[in-house]
Amino acid sequence: MIDNLPPLRDVIARHDLRAKKALGQNFLLDLNLTARIARAAGDLSSADVLEVGPGPGGLTRGLLAQGARKVLAIEKDARCLPALEEIGAAYPGRLQVIHGDALAIDPLAHLTPPIRVVANLPYNVGTELLVRWLTPAQWPPYWDSLTLMFQREVAERIVAQPGGKAYGRLALLAQWRCEARIVLTLPPEAFSPPPKVSSAVVHLTALPAPRFPADPAILSRVIAAAFNQRRKMLRASLRGLDPQIEARLTRLGIAPTARAEEIALEAFCALARDIEHQRP
Ligand code: SAM
């Protein structure tokens with residue numbers, strides 16, 4: 001028992017929160033599990049937490065029970081609001097709920113650093129928000145860490161290392177300026193209703209500065225070009241960026257015949273810097 005509130009099954013029945021597929025609703029009902037996810041987010045006692053998609057509030061309860069200074073929860077489905085209000089009443093002054101689309105709301109006006117982000121979101125919204133969180137105008141970003149549930153396959157793409165099919169733009173984007181690791185994997189039965197695939201929680205910590213220097217726009221262009229045609233050799237996939245790419249790659253010690261998925265982050269950064277500073 002993490003709090004004195006009723007079990008989530010009762011909450012869902014009382015507020016008639018039948019899961020809606022269109023909103024990607026797969027709820028976590030086991031409060032031991034939501035407490036574990038909240039613990040994976042790190043020390044919450046001195047942090048404000050942004051939670052996206054609280055639904056009936058299982059994870060919200062975990063975050064509050066773990067001592068979060070404040071939770072700002074953004075939920076699109078109005079049916080969930082009364083259930084969330086009950087949680088707010090049990091933790092006076094610590095839960096603020098905003099009804100709306102997380103993609104359209106700027107949470108910063110309501111939060112005080114340090115800020116940690118925690119969410120169990122539908123797949124499409126989750127990936128879009130992750131990319132936004134990873135590409136702010138300034139680094140370091142406003143958040144210290146992201147603790148996010150994804151389909152397992154997406155989680156594996158975030159933490160992937162060179163040499164496999166999972167390695168690509170998401171891994172490079174995440175690992176350039178974050179420490180990223182999978183902290184929990186969950187079978188479909190952990191959710192109600194169960195989704196078709198397994199899920200995993202990824203914890204990302206923002207590094208104070210990028211692992212290797214590079215201009216974000218140039219690095220992003222290089223990586224996009226390399227992985228848009230990931231089966232081609234770099235000398236072909238990157239020719240559009242620079243007609244002399246073969247000589248440039250050779251000078252940098254990168255095999256022009258290698259494919260994108262064999263190339264480490266450090267080499268992509270070196271290439272971005274070279275394109276920025278050296279004429280071919
Ligand atoms: N966090 C709850 C849990 O773990 O049981 C619910 C998870 S459920 C996978 C995703 C939640 O995100 C749903 O409550 C859904 O209504 C909400 N949601 C979907 N799209 C959203 C959006 N664009 N902005 C805010 N919430 C959204």
Side-chain angles (χ1 to χ4, degrees), residues 2-3 5-41 44 49-66 68 71-88 95-107 110-111 116-133 146-152 154-155 183-203:
I2 63 164
D3 53 37
L5 289 158
L8 281 158
R9 275 185 205 288
D10 296 359
V11 173
I12 287 170
R14 194 153 40 82
H15 295 287
D16 198 17
L17 299 179
R18 263 165 302 179
K20 281 192 185 164
K21 226 181 171 172
L23 284 168
Q25 291 182 333
N26 302 98
F27 299 135
L28 287 167
L29 302 187
D30 179 351
L31 290 167
N32 292 314
L33 200 54
T34 62
R36 273 177 72 191
I37 298 169
R39 279 199 295 277
L44 302 181
V49 177
L50 168 63
E51 188 195 359
V52 184
L59 187 52
T60 319
R61 285 164 65 170
L63 295 166
L64 289 163
Q66 285 305 310
V71 175
L72 173 70
I74 302 176
E75 174 55 59
K76 197 171 175 179
D77 185 354
R79 297 177 312 155
C80 299
L81 302 181
L84 295 167
E85 232 166 73
E86 288 171 9
I87 301 172
L95 175 62
Q96 181 184 355
V97 180
I98 297 182
H99 175 216
D101 180 347
L103 292 166
I105 288 170
D106 176 12
H110 309 278
L111 296 167
R116 293 184 186 270
V117 179
V118 182
N120 172 19
L121 270 170
Y123 162 59
N124 53 342
V125 184
T127 318
E128 180 163 354
L129 279 172
L130 172 66
V131 171
R132 285 195 198 181
W133 284 322
L146 309 172
T147 307
L148 308 171
M149 180 88 71
F150 290 101
Q151 293 185 358
R152 188 170 178 176
V154 177
V183 289
L184 200 63
T185 50
L186 297 175
E189 312 78 73
F191 300 85
S192 172
K196 289 203 173 69
V197 293
S198 294
S199 301
V201 177
V202 183
H203 183 70

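Counting starts at 1 for both ligands and their atoms, in listed order.
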Task: Leu44 and its side chain to side chain contact (heavy atoms under 4.5 Å, CB included) partner, picked from Val71, Leu64, Val49 - done: Val49
TODO: Quick one: which residue pairs count as a salt bridge (Lys or Arg N to Asp or Glu O under 4.0 Å) with a foot in residues 49-66, not counting sequence neighbours?
DONE: Asp3-Arg61
Would you list the atom pairs, donor with acceptor, under 3.5 Å between side chains in residues 116-125 and any protein atom, with sequence neighbours excluded?
residue, atom, partner, partner atom, Å
Arg116, NE, Asp43, O, 3.3
Arg116, NH1, Ala41, O, 3.1
Arg116, NH1, Ser145, OG, 2.9

N or O contacts of ligand 1 with protein under 3.5 Å, please list pair by pair.
residue, atom, partner, partner atom, Å
ligand 1, 1 (N), Gly53, O, 2.8
ligand 1, 1 (N), Pro54, O, 3.4
ligand 1, 4 (O), Asn120, ND2, 2.7
ligand 1, 5 (O), Leu28, N, 2.8
ligand 1, 14 (O), Gly55, N, 3.4
ligand 1, 14 (O), Glu75, OE1, 2.8
ligand 1, 14 (O), Glu75, OE2, 3.4
ligand 1, 16 (O), Gln25, NE2, 2.9
ligand 1, 16 (O), Glu75, OE2, 2.6
ligand 1, 23 (N), Asp101, OD1, 2.8
ligand 1, 24 (N), Ala102, N, 2.9
ligand 1, 26 (N), Lys76, N, 3.4

Task: Minimum side-chain heavy-atom gap His203-Leu148 below 4.5 Å - done: no
TODO: Applying salt bridge (Lys or Arg N to Asp or Glu O under 4.0 Å), name anything that partners Arg36, two or more places apart in sequence or on another chain.
DONE: none
TODO: For residues Leu95 and Gly88, report the shortest heavy-atom separation together with the two atoms involved.
DONE: CD2-N, 3.7 Å
